[in-house]
2 protein chains.
Amino acid sequence: MLPLSTKPFLLKHFNPASKIPKYLQIREAVRGLIEKGIVLEQETIPPERDLAEWFGVSRMTVRQAVDELVREGLLEKRLGDGTFVKDQKLSGRMHGAGSFSDEIALSGKRTHSKMLGQVVTRPTEQIAKKLEIEEGETSVIRIERIRYVNEYPISHQISYLPFNLCYPILSADLNVSSLYHHLAQSAGMVMKAGKETIQAIVADDVNAELLQIPVGQPCFLLCRTMYAEQVNRPVEYVETMIRGDKFMFVNQIDGKGIE
Amino acid sequence: MLPLSTKPFLLKHFNPASKIPKYLQIREAVRGLIEKGIVLEQETIPPERDLAEWFGVSRMTVRQAVDELVREGLLEKRLGDGTFVKDQKLSGRMHGAGSFSDEIALSGKRTHSKMLGQVVTRPTEQIAKKLEIEEGETSVIRIERIRYVNEYPISHQISYLPFNLCYPILSADLNVSSLYHHLAQSAGMVMKAGKETIQAIVADDVNAELLQIPVGQPCFLLCRTMYAEQVNRPVEYVETMIRGDKFMFVNQIDGKGIE
DNA sequence: AAGTGGTCTAGACCACCCA
DNA sequence: GGGTGGTCTAGACCACTTC
């Protein structure tokens, strides 16, 4: 039997006269049920028919609310059984072979970084999604740097890391040593795998000034999400703008798979 | 007005008597509309009320189907306006140890090539060097093509092949089938390995016209040298200009080699 | 004004799970 | 068998965009 407190709690967060759509109010009310611990992990929320009756709405409206929480990964429906609160764990299997990085092909050159800013902030919706952070759940560390090769700027990089996983790096001096190195040393995070996309874009005015190039000059935009060994979720999302006039990617093609 | 072909196409992929839920059939039918290029990017799919009438289902059922495609990022709804096919960047893998390519990850898209020219000519010094041809020793085949995805041009490609190794392909129709396929069939050349570089540049006037983009738009320039199993020298050098607004590279990062 | 997607109803029957 | 979620109907009114 469900605790008696669920129904009063839900109704307290619902106002049918409000301009806010009912399904959104219901979604947030049910979310509160979980966040406040009124319904614990592995337990069920009330049946859809009960919710519909309590709120005085149709079952379809309840489903619209609950299904969104299911898609967010907060709830799990089991056919014929009920709707359960999930353990807070997100899946993220990584596979595929191959490696690569933006630091390759710079061998023999002198490199350094300049820190532009390192702040703890609230993630935007996009960043929260990339890091698989529940919206508003927590803070992220935002690190903005310029990387130099032989004294000229080569890339502008903005990294985002979940605060609660990576806060020890806040004490690091990233001017002289690498982010990944410090993540391993101070936060115990060793990067394991990830995914990146590479796009061709032109420099906007901000990047043009930072990279000392004209606006409109071609650049690479590299967006990478990295996973650490220790945790089953992303620990870094980084966007890197790289000068197209000073950098190229090199790829060795090997054997099979060629039509 | 929508092409007449949408309705017949959709109904062909729908069977109300099937045990498969209607909304799933509708979802896949609409997906087919996009993948087959019957509805192109930036265009709208038919209104929900039309779809409901055509399929003989209620509008809620149509919405259940369409909303899933919206969540997948394939469609975008604009209130009061319509449901639009999103402008998606195509992607190509970039395995460090394996295939590459601009031809993968185009699954479900209609692709074809247009031959601009196929001539036997004397190699320039640069091309001769790439193909490891003694200067003036022999001739090369120069093949220039535009590649299309869903009717819009995606890349402009110029391939160079040593004449004495590859002349059988001169009889091939490269409009319909791949260069590598024909090299294998008619010249007995199977591509084995190679090396490619990827640069970010902007379109010049020639490429802008061929790719139907403005001059100055960002592009990738991919330069690749390929070796065949049978011979110990390059058999193809190809330069490919790829539209940056329609294409991105995707790379899976795996384990080691991370600084 | 006409057409679009957004929200919502009050039911219905089904397949599935558990006691 | 009784309760659960899965699918589906045939409407309705609203808010928004476009013309």
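Note that these values count all heavy atoms, side chains included, but never hydrogens, waters or copies made by symmetry. In what follows, chains carry the letters A, B, and so on, assigned in the order in which the sequence lines appear, proteins first and then strands, with residues in each chain numbered from 1.
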Chemist: In whole angstrom, give the distance that lies between atom CZ of B/F84 and atom C1' of D/dT17.
Modeler: 10 Å
Chemist: Rounded off to whole Å, could you give me the CG-to-P distance for the B/L75 and C/dT4 pair?
Modeler: 16 Å
Chemist: Validate the cation-pi geometry between A/K130 and A/Y160: distance from NZ or CZ to the six-membered ring centre under 6.0 Å, angle to the ring axis within 45°.
Modeler: no
Chemist: Please determine whether a side-chain nitrogen of the Lys or Arg among A/R31 and A/E72 lies less than 4.0 Å from a carboxylate oxygen of the Asp or Glu.
Modeler: yes
Chemist: Show me, pair by pair, the donor-acceptor contacts under 3.5 angstrom made by side chains of residues 9-17 of chain A, not counting sequence neighbours?
Modeler:
from	atom 1	to	atom 2	distance (Å)
A/H13	ND1	A/F9	O	2.8
A/N15	OD1	A/A17	N	3.0

Chemist: Send over the distance from B/L69 CG to C/dG5 P, rounded to a whole Å.
Modeler: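 B/L69 atom CG is separated from C/dG5 atom P by 14 Å.
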Chemist: Testing the basics here: between B/H156 and B/L211, what is the closest heavy-atom pair and its distance to 0.1 Å?
Modeler: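 Minimum heavy-atom separation between B/H156 and B/L211: N-CD2, 3.8 Å.
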Chemist: Closer than 4.0 angstrom, basic N to acidic O: yes or no for B/E53 and B/R59?
Modeler: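 Judged by the 4.0 Å cut-off on N to carboxylate O distance, B/E53 and B/R59 do not form a salt bridge.
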Chemist: Tell me: CD of B/E76 to C1' of C/dG5, nearest whole Å?
Modeler: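 Value for this atom pair: 13 Å.
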Chemist: For B/D81 and D/dC19, what is the distance between atoms CG and C1' respectively, to the nearest whole Å?
Modeler: 12 Å
Chemist: Report all side-chain donor-acceptor pairs from residues 73-81 of chain B shorter than 3.5 Å, counting only partners two or more places apart or in another chain.
Modeler:
from	atom 1	to	atom 2	distance (Å)
B/K77	NZ	B/E48	OE2	2.7
B/K77	NZ	B/D67	OD1	2.7

Chemist: Nucleotides 6-9 of chain C: which of its N/O atoms have a protein N/O under 3.5 Å away?
Modeler:
from	atom 1	to	atom 2	distance (Å)
C/dG6	OP2	B/R63	NH1	3.0
C/dG6	OP2	B/R63	NH2	3.4
C/dG6	OP2	B/K77	NZ	3.1
C/dG6	N7	B/R59	NH2	2.9
C/dG6	O6	B/R59	NH1	3.1
C/dT7	OP1	A/Y23	OH	2.8
C/dT7	OP2	A/Y23	OH	3.3
C/dC8	OP1	A/K22	N	2.5
C/dC8	OP2	A/K22	N	3.4
C/dC8	OP2	A/Y23	N	3.1
C/dT9	OP1	A/K22	NZ	3.2
C/dT9	OP2	A/S58	N	2.8
C/dT9	OP2	A/S58	OG	3.4
C/dT9	OP2	A/T61	OG1	2.6

